[in-house]
Amino acid sequence: MQLVLEKRAERSGTIALVSPLIAIGLTVVTMIILFAILGKNPLLALHAYFIAPLTDGYSLQEIAVKATPLVMIAIGLSLCYLANAWNIGAEGQFLVGAVAGSWIAVKTQGTDAGAWVLPAMLVLAAAAGALYALIPAICKVKFGASEILTSLMLVYVADLFLDYLVRGPWRDPNGFNFPTTAEFDPVATVPLLIEGGRLHLGSIIALLVVAAAAILLGRTIKGFEIRVVGAAPRAARFGGFNANQLIVLTFAVSGALAGLAGIIEVAGPIGHLQPGISPGYGFTAIIVAFLGRLNPLGILIAGLFLALTFIGGEQAQIAMKIPLDVTKVFQGILLFYVLACDSLILYRFKLSFPNRQVARGTH
Amino acid sequence: MTHFHTLRRGSNWPTIGHFTMQAHQRMLDSTPDGLNSGEPPLLRTIGLTKSYGDFLANDSIDIDIWPGEIHALLGENGAGKSTLVKAIYGLIQPSAGEIRWQGQRIVLSGPSEARSLGIGMVFQHFSLFDNLTVAENVALGLDGRESFKDMSARLEQVSKTYGLPLDPKREVWQLSVGERQRIEIVRALMQDPKFLILDEPTAVLTPQEADQLFVVLERLKAEGRAILYISHKLEEVKRLCDTATILRGGRKVETCDPRRETAASLARMMVGSEIKEVKAASGRKTTVPRLVVNDLSLAPGEPHGVRLEHISFELKGGEILGIAGVAGNGQDELFAALSGERLSKDPGTVVIEGIAAGHLSITHRRRLGAAFVPEERLGHGTAPRMKLSENALLTGHAASGMVHRGFIDTAATLKTVDRATETFDVRKAKRDPEAASLSGGNLQKFIVGREILRNPAVLVVSQPTWGVDAGAAAVIRQALLDLAIAGAAVLVTSQDLDELAEIADRIAVMFHGKLSAPLATREATREKLGLLMGGSSLELEEAAHAAGA
């Protein structure tokens, strides 16, 4: 008896929906083992991770706040990945967007600049993110440089650039030498949706982005081009679609969305520019994109789920002294299982019983 | 029916063979136990079955191969021929049934075990490294441990003995397809096989090259080796083979003597029903030139590609021009240049409907009224994992009202699928399945239908019936004729000379990136086309004949 992986005639729609759930299930099983090894009660730990954050309003709002950048970045990344363009540098585009938007906030600080400040910050952040993403895209198209490497390396460039700014020219003179800008003025801040709460306008923007992506991919010829270029490059060329053009386009869009997410995070929940504005949103968004099956609605759900792991990780750290890095372990294992389970969409397991053969060879 | 068949004892025994064989009488259609001589067949399968999921690729197939016979394996695409030979060659494990070699049951762990028993195989698609020499390629394919020098010497000896001339030091990319096949055959012969499997060997050969191959096969037969010859060219099988086993839908239909059958009766056994004759064009009038190619030269886009050199032809409405030639002589490059997948710097090289289009993209050319059907169905003509409606959009987005202001009209794409389904009898499990789930013939009907429904002025189609069942092939050829009758200009590239003779008005031949002057089909004999396919020019040949006479 042997277990064989057998190709399906047509991709299974059911498994395509179920596979992320299988992946989550397997991840939870692995985490139980991991918690047990760490000497923590697995059930309590799982409760802290996945149940406790859902039981109070503050945590629920916090999940939405954390999910906002994840979803926005992941939507952009999904467009890249569908077109076979591997943008791994969303973290850098996020930081560059945050820096560019903050520039307006810093320069208008203390002036009587009006309501134009925030919209201008959003636009500039998106433009900066897009331009930053175009560097690897153009290197790829013009010189054949691997966009995976170049986009990833640019993350560290952006990170150090931000570090330089907040420790140097943009440092708050009244900030006791902490590496941070002054608190942004109200006109440079993303408004809250509920007075005294955490939920802000960015979450609405994220929902609009999800809806726009759903329409783009499902209804428009441009979305179709993106999907064909990734799924069957030669057929796409035969269809008259230019793969290089789409690499540039998807990189620009995903960079813009990451940049937008960056400034919303800084001008929203954080309120000023400082190092460490991202707990790795740009990387976690890669997991969100795949867990959501590169589908806008799926990404929305996956973004909320991974936001839950961030909040749950904090709660587990407080309640049970479980290291915060366990959250990253969890996310890594999850991505591993998601990619592994995807093979079940095109293949299925089958037990096979090869007939017993008596003789072997005659020579 | 019982045929008695006495084997000739060869006058000179093989120089490289180590086995001798006895001539014996046998019955062809005997049941496994009904042999009248004690000698078992060289290879026998009993109830050989291979299933993939619920699908039976081979359904209890019994076949006997005797020493010194050329045994044809006939069947349409998907009949199970490849599965059967893969099982015999150890590439796949049968799900049930058994294989016997000289009367002994065997289980093959892989091809190397099959080779060590004396089973050799020449595949349709060669496994050769372009940048290595002939000798290096042969060395890579051999299991033996002899020195490279000894091996090269043996290579030369074998190739000389069998009249398969090869220069061991040449690199493969410089060789013609026929020469590449020779490498594969010599490589198989160097293992001194008792049993050689050839998968559609003449598909890539000119008629003259095929004749040369038949001489080699006759010689191998005379040496007492058995040959399993996979083909769907019936005339060839009648001429060459002693026995034919016909498969259909994974089952064996019959084992017979092909020389006692007609091509039509063999075809009937293969297809299971009469094949519709393609109605020849009547009352076709040629009109204005719709596709003109002027002195088109194009450097190859990839290493070892073919350079197109000074290609010119004119194709009028109502006319079908056939392009014959051995694969790899620039047909793919010509298709890419005509479709606009590769652009030419000089707009005037390709003129579609009177408009210089050499520099225009494929989308622009479609808008001018051109349509294209590439050779490769999955991955080029369609995106395999996308639905048919999406694949209709793939080429229809340019000009068929499927897109309004950037938004896809899903109803219009589905309508194209339905119309193609209805007009060209596309069989599928549901209304809008993925392209990859269709059989080759049905997908090809869909692709051709998708383009024809756009009412093109110019249709450029490459290998329209390659790997397609006979029924679908007839539908497709008829559709091409009907399109020409309706006034379109049709350019058909094909390696199947019979197909071109059936539908084309004129036939030109591609060789080394050059296109010969077209011949009227009634003047294009197999001999003439064969010469052109081998690179001879007709004038020179005629001059030589005249001089000789």
Side-chain angles (χ1 to χ4, degrees), chain A residues 2 4-13 16 82-84 212 214-245 249 294 342 345-363, chain B residues 49 52-55 93-98 100-109 113 116-118 336 339-341 361-366 372 374 376 378-386 390-391 393-398 402-408 410 429-430 433-437:
Chain A
Q2 63 192 107
V4 286
L5 208 55
E6 192 178 80
K7 204 167 167 75
R8 297 173 192 270
E10 191 159 337
R11 50 179 290 140
S12 163
L82 282 170
N84 244 342
I215 292 169
L216 173 78
L217 288 173
R219 296 261 172 268
T220 69
I221 187 76
K222 201 42 96 182
F224 177 71
E225 284 179 34
I226 290 171
R227 289 188 292 130
V228 186
V229 161
R234 198 152 169 236
R237 188 152 37 114
F238 180 64
F241 307 142
N242 185 335
N244 282 346
Q245 212 178 42
L249 177 80
L294 305 182
D342 271 6
I345 297 170
L346 287 177
Y347 296 88
R348 65 177 157 220
F349 281 117
K350 200 187 155 203
L351 285 177
S352 101
F353 305 89
N355 47 349
R356 296 272 113 211
Q357 306 279 3
V358 197
R360 270 189 69 80
T362 54
H363 56 290
Chain B
T49 300
Y52 292 100
D54 302 332
F55 175 68
Q93 295 296 327
S95 317
E98 58 178 80
R100 289 192 188 170
W101 177 254
Q102 295 175 324
Q104 297 239 41
R105 183 165 186 184
I106 53 168
V107 177
L108 296 169
S109 61
E113 202 175 336
S116 67
L117 286 177
S339 68
E341 287 168 293
S361 71
I362 188 166
T363 302
H364 276 104
R365 295 183 198 202
R366 287 198 177 107
F372 310 96
E376 197 71 39
L378 287 170
H380 193 182
T382 62
R385 291 285 166 198
M386 291 190 144
E390 293 174 303
N391 278 302
L393 181 66
L394 184 70
T395 62
H397 68 89
M402 291 178 179
V403 181
H404 305 293
R405 293 166 186 268
F407 282 83
I408 300 164
T410 314
K430 53 186 183 185
E434 285 177 6
S437 72

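Lettering follows sequence order; numbering is per chain, from 1.
Heavy atoms only, all atoms of each residue included: I221(A) and V403(B) are closest at CD1-CG2, 3.9 Å.
The side chain to side chain contact (heavy atoms under 4.5 Å, CB included) test with V228(A) is passed by exactly one of L394(B), L393(B), N391(B): L394(B).
Annotation: maximal heavy-atom pairing with chain A below 4.5 Å, among S361(B), G379(B), G340(B), A383(B), occurs at G379(B). Contact count versus chain B (heavy atoms, under 4.5 Å) is highest, among E225(A), K222(A), R227(A), for R227(A). Looking only at heavy-atom pairs under 4.5 Å with chain A, the residue among S339(B), P384(B), G396(B), P374(B) that has the most is P374(B).
For I408(B), the parts sitting under 4.5 Å from any heavy atom of chain A are the backbone and the side chain alike. Contacts between L216(A) and chain B at a heavy-atom distance below 4.5 Å are absent for every atom of the residue. Interface residue T395(B): only side-chain heavy atoms are found under 4.5 Å from chain A. Both the backbone and the side chain of E390(B) come within less than 4.5 Å of a heavy atom of chain A. Of the two parts of R366(B), only the side chain, counted from C-beta on, holds a non-hydrogen atom closer than 4.5 Å to a non-hydrogen atom of chain A.
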Side chains of residues 230-244 of chain A: which donor-acceptor partners sit under 3.5 Å, not counting sequence neighbours?
| from | atom 1 | to | atom 2 | distance (Å) |
| --- | --- | --- | --- | --- |
| R234(A) | NH2 | H380(B) | ND1 | 3.2 |
| N242(A) | OD1 | N244(A) | N | 3.0 |
| N242(A) | OD1 | Q245(A) | N | 3.3 |

